[in-house]
Structure formats: structure tokens, C-alpha cells
Amino acid sequence: MTNLIINRVNYILSEEHPNLYLSKIDNLIFRMQFIHFKQRLSNRLKDDTLLNWLKELKDEDYIYYSFTPPTFNDFLTIKPENYPFNYFKAKFVREQIINFFKARNFLVEPFPKGKDLSVYEKIDDFNNDWSIYRRYDLLVRTHRKEIAFNIGSEKTIISNQTKQFHSTDKIRIIDTKDNFVKPLAGKEGVNNCRIVANKQKRDELGISTEPRKFNYNTLYNQLVNFYNNHLLSIDKENFKIEAGGLKNVDLTDLNKVNINENLMLFGKEKTDINAVTGMRDYGIYKPSPKATDVKFIFVYENSRDANQLYLYLKNGLKHYPGLWSYVGIPIRLSDIKLQYNGTEDLKNKIDNFISENLNNEYYSDLFVIVINPNSSQEKEELDENEDPTYYTIKRKFLEKGIPTQFIQDKNIHSGSFHYFLPNISIGILAKLGGIPWRLKTKRTDELVIGFNQKTIGEHQFIGSAVFFSNDGQLGKTFGFPETNSETALIGNLKSAIEQFISQKELPPERLVIHYYKPQSGKEQKSIEDLIQKELRLNIPFAIVEINDSKSQMDICFDKDFSTGMPESGTYVRVSKTEYLLFNNTRYQKNPLRSVAEELPIKISIHFADTGGFSHRDLISQVYEFSRLYWKGLKQRSQPATTIYSKLIAEFTANYNGELPNNDTVNNTPWFL
């Protein structure tokens, strides 16, 4: 089995527990509402001094507490035997780490979002007014007596001197009261502190916000140095960090998906592990049912762009053989076309063009290629401030059931366009109902539904992609505003189950929901009631929470691969129901060529233990669906279920919460 290291270290706690110090004033690091404090100490509140001290507090008031003796007089001490230390243990560990790094002149953020604490080490001067800090994020896992730590930022910019600002500014400050990094969050009377540069300030300073290039070996060495130079020095009577370096992953926590999940089926049932060579050597798995009928409408500004693109799609370019040879679709032109002069002209012309040339309600035999000077080729992440022409034009054709492919004009004449063309062709094939490739695994009749969300301004929208099997072909799509998410989720889930039964003439064997956040108990109960009471089905279901972004906290390193990236398909249990899945292009132990560095994704499994599911099956299924993403040849770490849902949510957000309703929108990946 692979020899992996995880970015965690063990800590040791003394058997002797510390005193707990209380204050009614906001001058200690932690706080708890009095109502919760009473509940935690309900069996210990017998001391008259403590009762007298507490009697004036209301339930909504806060009690402030610490494990370090205060430097002021108005506080109360609770002995270890008079409070439940296990409940407060994680806070105690955090305070020891905070005190250690403050003593070493680190800046400390005690309450960062999603972590237990962050510490900032000065790396360099940016200029006379600003310095560069490296941020380390830490997470305390008391049930395993572990501390996970990672680098959160290589280039946090913090002012050397105090700055003037407004209380409404969205910034983080170095609070002069305790020297902690905190969000300003409308604090009154605070207007002269050192600040952490936000996006606006970084733009003013000319600092790029592009993510740093990730490298496993570099990160490993940085984490080892942080451990050796700092963490290992935490050695107190009641708390210390164990020697021995970063932990080895326990073999009981280490596993790998079935090797068959790595193999993909291409033309003539031939298999390959790589989409690039599989498409090159064997071709597509299943042609489009519309291939011989479809005609292409070109929308363009410059005739030279359109003519050049047409010739490349027809005759090929370098290693790209042409649309017909590559994906089995001949490039046949429609009798209609649209030429425009700038994006405003395109928006002005589109309605007349459609009303004059496309009078039917639905077209199954047309495909539009838009050569657009303002939009990169079909982005995966679309900025909400981007020119809305992309969404407007796409919707106009979608309402007629016509899929579109946007291509940036400058790419057509670039020397690397032959690398774009295979990805474009695969997208066209998928939008026309073909299957570029599928997994060489047993076909399952499970209902697998992905949900994801997109936020624009203060509004959130949910998108969903439904699959009736594991071949990658969509069964249904829908999107809705987050404000009525519970009702809409259940309604669309019911619709998907009923559609599955209608098509298959039997219920699904199992229901698997790929979700973008933890589901509440109320949401779980609604799903149970829908399946068991309303639909009267006896099918198990599981919810697999898939972090929308790649894991930013937990990471593993392969000791047998120069402390590099673990093999594709490796997964590591990091808590009872949480796993890291390494989903990348390192398919062999010793790959023949260099592989792209890819972060793992975090998976949490809910409600599966009572439904006959195994965690391995569910993780393998996530891995399968990551290989069924047909936006291009490059494998993605996220599964198609959640990537597609994210894209659907983005379009829903830009279409005021409602998608067009026709066969193209409901049953094809038109959003690619």
C-alpha cells in the first residue's frame, strides 16, 4: 500500500486540567451566552460565590472565559473539578497555540472562517508602508489529539502603520486592544488601526490576485520547516506537540477506488486510461443521434474569423482531424447566419434575427457557433460583472431548443488553436446528445442527483443535474432561487424519481444525492418522507457532501514519489465520515511523463450507514462521475454532478431564477 504522510501532528495533554477563568466584560479570548453556560455547568452550579456572581446575568448575556490567569482583578476562577473540561478542551488547545505564536511575534487571527485559528509570519517588506506575510491555518481535532496545519496564503499584505478607514469598510484590522487580526464588521469607534489589504487595496498596490502555482514537494518542505521551527517548540507542562514530524496515514484510513474506475470506454468498446489518447486512437463511444441532420448557424463579427473556423472544423488543423473525423459530426452550414458589428449591435439584432428566421417553437436540428470578441471560450467560472451578452445570446437560442458554442475570436488565429479544437468538438458532441466516452464499469440503475449553488450579490441560486445511470448522460436539469430551496428541492426530487420510473418502468435501486453543503435534519426528514410516505418506495438513499472548492486544509504526500502527489483514486479518511479523494492524472505509481499537480477534494458522507451503502462505493461513484465531464479532454477533480450543477446555477442566477423549458435544456449539457 502507498506510504502517505498527512499534514497533521499529534499533541499531548497533561492529566492535570487547568483552571477556567470567567469575566463579565469582553476582555478574555472566548465567550459563551449565559444560557448555554448554565446548560454546560448545570450539575456544577452549587458554589455560593459563583451563584452570586452569575445571578445578575440574563440568558442572552455573554460570559467571557480563558484558561490563562487574567491580568486584571474582576474575574472568577473555576477549579478543574467544577467544570467539564472535555467540552472546553478544543478551546484550551487553541489558546495554548495562540499564546505561543503571540509570544513569537506572529500576528494571530483567533476566529477565521472555516478554521480554528490562523497565524501570520512576516516574510518580507513589500514597500515602506506594507509588509508581506505568510498565513498558516490550523485546525484542532481533539478526538484524534491532532492538529492539522497548512499554508493559507503566501502573500498576505499588511500595513506597517495605522491607516484611516470607515467603520463600514469590508476589511480586516489588527485590533489595537488585543493585537488580534479581526474583521472590522462595522465596529464603532474603530478608525485607526493597521489593516490587511483587501482586494481593492491590493489592486491599488498592483498585486496580482492569481492563485499561486501549487507544488506538493514545495508545500511539504514548507510544512516540515514550520513544524521544526515553531510547532515542535510548544512544550509546556500541560500541553506539548509530539516529536516525530508529520504523521503517517494509518493504513486503516487509506484506500483506493477500484482500478476499473480508471478505465474509460471509447469507440468499438476499446479502453484507455487517458481521454486524450483514447479519443485519438479509438474515437467516441456513442455518436450523436442528430449528427446527420444538424446544421450550423454562424454568428460572427469578422468574416475572416468565420471562414477560418469553418475550414478548421471541416479539414482539421495539425493533429486535429476535423469535426467529422474526430466526433462523427459533419460541418454542414445552415442557410442563415448573423453578422454583427460589436456586442451592442449583436444584442440589438438578435431578436429580429430570431423572429425573421426561426419561427418554430423548437428546433432539434440546429446548432449555433458564436464567435465572440468579449467572452473567453465557454468559461467554467463566469464573473458576475462580465458583459451579459454571453447569457443573453445563449438564452435567446435556448428558448428555441438550439444549443450554442462560444469561441473567442483571438483564439482562432493563435498558434495553439489546434489544442482548443478537440475540446470544442467534444462539447458540441455532448450538447447534441452523443457520448464521448464512459466508464468501463457495470452500468447501474441508480438515480444520482447533484446540487450546487451560485451567489450573485445578496441572492443565491441552486442548480441541479440528474443522472439516471452512470454512463454520464443527463436525465434532467433544473434551477431555482435559494429562497425556496427546500420546497423546490423536494419538488424536483419527486419529479426526477417519477421520470426515472416512467422511463425505466421500475424505481431506482438507490438514490444518491451529491450536495454542496451539509444538509439539515429537516432536509433529511423531508427526503425520507417523500420517498417512504408520499411515493411509498422502499429504496435507500445517501447524501454525499462534496466541497465546492478543492481541499484547502487537509493534504497528503506520497513518500514513495518524492513526497509528491498521491496516485489518482487514492482516498484517505480524515474523520469518521470525511475523506480526501485524490483525483488527478497520476494513474500509475511511476508515471512515464510529468503530471499536473492537483489538490484533492473533500467528501463527507451522510445517512449512508443505514441504507446498505458502503463508503467505498459512494467515493468510487464520485470518482467515476469526475471522469464523465465532457467540457474537454482534461480530467477534473470535481464530479460532473456538482460541476454541471454549478454551471446550471450560474445560468439560473443570470436568468432571474428560471430556465427555459424544453428538451434541450432538460436533457442535454447545453451549459458546457
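Bear in mind the structure is a predicted one, so any value in this text is a computation, not a measurement.
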Handout entry: Residues F367, F296; criterion ring-ring contact (aromatic ring centres under 6.0 Å, His included); working and verdict
Key = CA-CA 5 Å; F367 192 102; F296 290 85; 5.6 Å; yes
Exercise for the section: For A430 and P669, work out which heavy atoms get closest and say how close. Expected result: O-CD, 3.4 Å
Exercise for the section: State plainly whether the residues K646 and E650 are in salt-bridge range, i.e. N to O under 4.0 Å. Expected result: no
Problem - 4.5 Å side-chain heavy-atom contact, V665 and W670 - result: yes
Problem - N667 vs Q499 side-chain heavy atoms within contact, under 4.5 Å - result: yes
Practice task
Please say whether more than 12 non-hydrogen atoms of neighbouring residues, nucleotides or ligands are located less than 6.0 Å from CD in E498.
Solution key: yes
Handout entry: ring-ring contact (aromatic ring centres under 6.0 Å, His included) between Y579 and H615, worked out
Key = CA-CA 10 Å; Y579 299 84; H615 286 204; 5.6 Å; yes
Handout entry: Name of the residue among L309, L338, V368 meeting side-chain contact (heavy atoms from CB on, under 4.5 Å) with F298
Key = L309
Handout entry: Pair Q405, K431: side-chain N/O donor-acceptor within cut-off below 3.5 Å
Key = yes
Exercise for the section: Using a strict cut-off of less than 4.0 Å between a Lys/Arg side-chain nitrogen and an Asp/Glu carboxylate oxygen, indicate whether D281 and K270 qualify as a salt bridge. Expected result: no
Problem - Crowding at CZ, R304 (>12 non-hydrogen neighbours, <6.0 Å) - result: no
Practice task
Please determine which of L659, N492, T652 meets the side-chain contact (heavy atoms from CB on, under 4.5 Å) test together with F480.
Solution key: N492
Problem - Min side-chain heavy-atom separation I412-I407 under 4.5 Å - result: yes
Practice task
With side chain to side chain donor-acceptor pair (under 3.5 Å) as the test, would you mind laying out the steps for Y362 and T664 before giving the verdict?
Solution key: CA-CA 9 Å; Y362 184 81; T664 297; 2.9 Å; yes
Exercise for the section: Examine the side chains of N661 and N666 and answer whether a donor and an acceptor come within less than 3.5 Å of each other. Expected result: yes
Exercise for the section: Could you check if a side-chain atom of V544 sits within less than 4.5 angstrom of a side-chain atom of V622, using non-hydrogen atoms only? Expected result: yes
Practice task
Check whether the side chains of T642 and N452 place a donor and an acceptor atom closer than 3.5 Å, and report yes or no.
Solution key: no
Practice task
Hey, could you give me the CG/OG1 distance between L265 and T271, rounded to the nearest 0.5 Å?
Solution key: 7.0 Å
Exercise for the section: Apply side chain to side chain contact (heavy atoms under 4.5 Å, CB included) to N411 and Y419, showing your working. Expected result: CA-CA 10 Å; N411 290 336; Y419 292 113; over 6 Å; no
Practice task
Determine whether F557 and L4 make a side-chain contact, defined as any pair of heavy atoms from C-beta on separated by less than 4.5 Å.
Solution key: no
Practice task
Answer with yes or no after comparing the ring centroid distance for F406 and Y390 against a 6.0 Å cut-off, counting only values under it.
Solution key: yes
Handout entry: Parallel, tilted or perpendicular: ring planes of W437 versus W630, cut at 30 and 60 degrees
Key = perpendicular
Problem - CG-CG distance between L580 and N7, expressed to the nearest 0.5 angstrom - result: 8.0 Å
Practice task
Over 60° means perpendicular and under 30° means parallel, so classify the ring planes of F651 and Y391, tilted if in between.
Solution key: perpendicular
Problem - Any side-chain donor near an acceptor of the partner, Y623 and S568, under 3.5 Å - result: yes
Donor-acceptor list for residues 316-323 side chains, cut-off 3.5 Å, not counting sequence neighbours:
| unit_1 | atom_1 | unit_2 | atom_2 | d |
| --- | --- | --- | --- | --- |
| Y320 | OH | L323 | N | 3.0 |
| Y320 | OH | S425 | OG | 2.8 |

Practice task
Kindly say whether M553 contributes a backbone atom to a donor-acceptor pair with the side chain of N150 at under 3.5 angstrom?
Solution key: yes
Handout entry: Backbone of V249 reached by a side-chain donor or acceptor of D253 within 3.5 Å
Key = no
Fill in the blank from the handout: Tightest non-hydrogen contact, residues A496 and I449, listed as CB-CD1, 4.0 Å
Practice task
Answer yes or no: is there a donor N or O on one side and an acceptor on the other, between the side chain of Q339 and the main chain of E301, under 3.5 Å?
Solution key: yes
Exercise for the section: Examine the side chains of T455 and Q453 and answer whether a donor and an acceptor come within less than 3.5 Å of each other. Expected result: yes
Completion exercise
Distance col, row L346:CG vs Y340:OH, nearest 0.5 angstrom, shows 5.5 Å
Exercise for the section: With the side chain counted from C-beta on, respond yes when I619 and I605 share a heavy-atom pair under 4.5 Å apart, and no when they do not. Expected result: yes
Practice task
Could you tell me whether K295 and D335 make a salt bridge, using a distance below 4.0 angstrom between a side-chain N and a carboxylate O?
Solution key: no
Practice task
Measure the spacing between CG of L647 and NZ of K631 and express it to the nearest 0.5 Å.
Solution key: 6.0 Å
Exercise for the section: Would you check if there is a donor-acceptor pair between the side chains of K394 and T404 at a distance under 3.5 Å? Expected result: yes
Practice task
Would you please say whether a donor-acceptor pair under 3.5 Å links the side chains of H413 and Q308?
Solution key: no
Handout entry: CG on N360 to CD1 on I402, rounded to 0.5 Å
Key = 9.5 Å
Exercise for the section: Please say whether more than 12 non-hydrogen atoms of neighbouring residues, nucleotides or ligands are located less than 6.0 Å from CD in E505. Expected result: no
Handout entry: Donor-acceptor side-chain pairing of D617 and S614 below 3.5 angstrom
Key = yes
Practice task
Determine whether L429 and Y326 make a side-chain contact, defined as any pair of heavy atoms from C-beta on separated by less than 4.5 Å.
Solution key: no
Exercise for the section: Please check if atom OH in Y655 has more than 12 non-hydrogen atoms from other residues, nucleotides or ligands closer than 6.0 Å. Expected result: yes
Problem - Donor-acceptor contact below 3.5 Å, side chain N423 vs main chain L633 - result: yes
Handout entry: Backbone of G283 reached by a side-chain donor or acceptor of R280 within 3.5 Å
Key = no
Exercise for the section: Assess whether atom NZ of K476 is packed by more than 12 heavy atoms of other residues, nucleotides or ligands within 6.0 Å. Expected result: yes
Exercise for the section: Give a yes or no on whether the backbone of N584 and the side-chain of E598 come within a donor-acceptor separation of less than 3.5 Å. Expected result: no
Practice task
Report yes if some heavy atom in the side chain of T570 is under 4.5 Å from a heavy atom in the side chain of L254; otherwise report no.
Solution key: yes
Exercise for the section: Please round to the nearest 0.5 Å and tell me the distance separating atom CG of L581 and atom OH of Y571. Expected result: 9.5 Å
Handout entry: Nearest non-hydrogen partners of P660 and E399, listed with the distance
Key = CG-CG, 4.0 Å
Handout entry: Residue list, side-chain contact (heavy atoms from CB on, under 4.5 Å) with L311, at least two apart or on another chain
Key = N315
Practice task
Ignoring hydrogens and angles, tell me if any N or O in the side chain of E597 forms a donor-acceptor pair with the backbone of Y216 under 3.5 Å.
Solution key: yes
Problem - Side-chain donor or acceptor of S562 paired with backbone N/O of G564 under 3.5 Å - result: no
Handout entry: Distance flag, aromatic centroids of F500 and F468, threshold under 6.0 Å
Key = yes
Problem - Enclosure of K286 NZ (heavy-atom neighbours >12, cutoff 6.0 Å) - result: no
Handout entry: Row check, F561 ring normal vs R586 NZ/CZ: under 6.0 Å, within 45°
Key = yes
Handout entry: Distance-only donor-acceptor check, side chains S626 and N583, under 3.5 Å
Key = yes
Practice task
Using a strict 4.0 Å threshold on nitrogen-to-oxygen distance, state whether K256 and E567 make a salt bridge.
Solution key: yes
